[in-house]
Amino acid sequence: MAENILIVEDEETLRSNLARYLAGLGHNVRQTDSRQEAMSLLDMESFDIVLTDMRLGDGSGLDLLQEITRLAPFAVTLVMTAYSSTESAVEAFRRGAHDYLVKPISLDELSERINNIAKYRGLVRQNTVLRQEIQRRHNPLNIVSRSRIMADLLQMVRKVAQSASNILVTGESGTGKELVARAIHNLSPNRDAAYIPLNVAAIPDTLVENYLFGHRRGAFTGADRAREGAFRAAADGTLFLDEIGDLPIHVQPKLLRALEEKEILPVGSDRPIHVNTRVVAATHRDLDKMVTEGAFRHDLLMRLNVVEIHIPSLRERPEDIPLLVNHFIREHCNEMGIPIRLIDEEALKCLISHEWRKGNVRELSNVLERAVLLCEDETIQASDLPADIMEREQHTPLALKDAVRKFEFHHVTSVLETVDGNREAAAQLLGVSPATLYRHMERLGLKGFQAHTR
Ligand SMILES: Nc1ncnc2c1ncn2[C@@H]1O[C@H](COP(=O)(O)OP(=O)(O)OP(=O)(O)O)[C@@H](O)[C@H]1O
Ligand SMILES: [Mg+2]
């Protein structure tokens with residue numbers, strides 16, 4: 001099958017030989033000698049395979065590898081290197097390379113690798129689905145991720161889950177704090193005891209103490225039944241205090257005592273009760289700042305955050321987005337009882353480059369729920385996404401020459417498409433001679449242009 005291949009190599013002869021050879025095998029080939037240009041090509045077009053040199057005139061191919069994950073999440077990368085050093089190969093794999101070739105490049109070997117990749121790509125799709133299925137069945141955490149930063153975090157979660165320490169989970173809204181609290185419980189030796197979540201922000205200030213520590217019957221007007229309270233309900237298990245930053249200041253010393261002495265005093269009672277409850281607290285607020293403002297007790301904070309687990313925002317781990325996207329599409333399709341939708345590359349790119357600020361993972365899930373609803377065939381397109389996400393934000397504005405190039409690229413491509421790739425007709429429409437058009441096409445990486453058959 002014809003693959004769309006991008007060659008990034010600053011050695012002119014090698015590059016054109018490779019391009020000629022691969023085009024001869026029937027692939028669609030684009031080529032460039034610079035990392036910068038490679039990035040704009042990756043941004044504008046869709047590639048199946050990227051064949052890149054490890055060392056480029058304007059930067060390391062290794063840096064390009066990271067960009068590829070962001071710009072072309074579906075592409076498979078083959079690295080070419082002049083040195084068969086294990087270190088550089090390991091580093092290339094770590095940054096997402098699929099395979100590597102040592103120079104001088106054997107063309108037979110190259111074609112074999114490309115064939116393998118083509119087979120591999122067919123299997124990947126199937127495999128991702130299977131792997132997620134397995135992960136869902138065997139992963140007590142339900143936390144989907146592949147980024148280094150989350151892997152480290154999960155390792156920490158596994159470790160602290162074994163201890164009895166109090167844990168504070170922090171992170172922006174929707175980053176998965178509750179999920180992590182639940183994971184700590186599920187991985188703890190007390191996983192068979194109760195897990196009781198209590199959202200402090202959702203309880204009226206005057207009742208927080210009752211909810212936490214319970215009350216005796218008749219403790220106040222209307223208390224016609226004794227209430228056990230969350231601490232006792234979670235005895236020997238885990239009490240998850242969500243939105244701990246909203247804990248009223250008058251209740252704070254009481255919680256401190258419960259944590260320090262492992263003793264609580266139900267409202268209206270003078271008999272302390274011993275409780276062995278592990279507390280995991282969470283907040284999206286800056287507790288240190290609240291301490292300086294006098295809204296949160298310093299000693300209580302010290303007790304709560306014996307271990308602090310900070311969940312990074314989704315912006316800090318774009319590598320997780322493709323997996324989360326598949327996960328949520330599946331989840332929402334299952335909920336709606338419709339066949340699992342796919343997502344096209346442009347839409348995925350929009351989701352990866354979006355600056356997730358409002359609600360992080362929760363917002364991503366909501367966006368996909370909406371997209372699944374709007375989507376009219378089996379594939380989610382960029383147009384099924386909210387407008388602010390569909391318009392891919394550039395992190396830094398393009399340099400003028402790149403912006404011009406981007407425009408030229410789209411314009412020339414669309415004219416060529418309208419005339420089914422006929423160079424002469426296109427040149428006439430564009431008001432240039434065929435020779436000039438050829439020159440522009442070469443410059444824009446459009447040399448091997450073929451119109452899509454409609
Ligand atoms: N890594 C992840 N894998 C799968 N689902 C996730 C992941 N992170 C978050 N979610 C999902 O995103 C949603 C928000 O997560 P959660 O409620 O844990 O966030 P939170 O940090 O507690 O948010 P808030 O600050 O608003 O209370 C949930 O539906 C959760 O299942
Ligand atoms: Mg929460």
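Indexing begins at 1, ligand by ligand and atom by atom, following the structure's order.
- For atom 23 (O) of ligand 1, the nearest protein heavy atom (residue, atom name, distance) is G174 N, 2.8 Å.
- Below 4.0 Å from some heavy atom of G176 lie the following atoms of ligand 1, by number and element: 8 (N), 9 (C), 15 (O), 16 (P), 18 (O), 19 (O), 20 (P), 21 (O).
- Put simply, the residue from K177, R362, R315, K358 that forms a salt bridge (Lys or Arg N to Asp or Glu O under 4.0 Å) with E172 is R315.
- In terms of protein heavy-atom proximity, atom 1 (N) of ligand 1 is nearest to V144 O, 3.0 Å.
- A salt bridge is defined here as a Lys NZ or Arg NE, NH1 or NH2 lying under 4.0 Å from an Asp or Glu carboxylate O, and R113 with E109 meets this definition.
- In plain terms, the two heavy atoms of A38 and L6 that are nearest each other are O-CD2, 4.2 Å.
- The salt bridge (Lys or Arg N to Asp or Glu O under 4.0 Å) check on R257 picks up E263, with sequence neighbours excluded.
- Counting only heavy atoms of the protein, atom 22 (O) of ligand 1 lies nearest to E178 N, 3.2 Å.
- When only non-hydrogen protein atoms are considered, atom 17 (O) of ligand 1 lies nearest to R362 NH2, 3.1 Å.
- If you look at F328 next to ligand 1, the close heavy atoms, those under 4.0 Å, all belong to the side chain.
- Taking a distance limit of 4.0 Å, we find that atom 29 (O) of ligand 1 is approached by no protein heavy atom.
- In terms of modelled atom types and a separation under 3.5 Å, the side chain of N360 and the main chain of S313 share no donor-acceptor contact.
- When V361, N360, T175 are checked for heavy-atom proximity to atom 10 (N) of ligand 1, V361 turns out nearest.
- A salt bridge links D246 with R285: at least one charged nitrogen is closer than 4.0 Å to a carboxylate oxygen.
- By heavy-atom distance, the residue among E243, K177, H284 lying nearest atom 25 (O) of ligand 1 is K177.
- Atom 7 (C) of ligand 1 is approached by the protein to below 4.0 angstrom, counting heavy atoms only.
- Checked by atom type and distance alone, the side chain of Q162 pairs as donor or acceptor with a backbone atom of L187 at under 3.5 Å.
- Salt-bridge annotation for E319 and R317: absent, with no side-chain N of the basic residue lying under 4.0 Å from a carboxylate O of the acidic one.
- At least one heavy atom of N142 sits closer than 4.0 Å to an atom of ligand 1.
- Residue-level proximity to ligand 1 for H327 is carried by the side chain, the only part with a heavy atom below 4.0 angstrom.
- Protein heavy atom closest to atom 31 (O) of ligand 1, with residue, atom name and distance, is L179 CD1, 3.7 Å.
- Of all atoms in ligand 1, numbered sequentially from 1 with element shown, those under 4.0 Å from a heavy atom of I143 are 1 (N), 3 (N).
- The nearest pair of heavy atoms linking L65 to A97 is CD1-CB, 4.1 Å.
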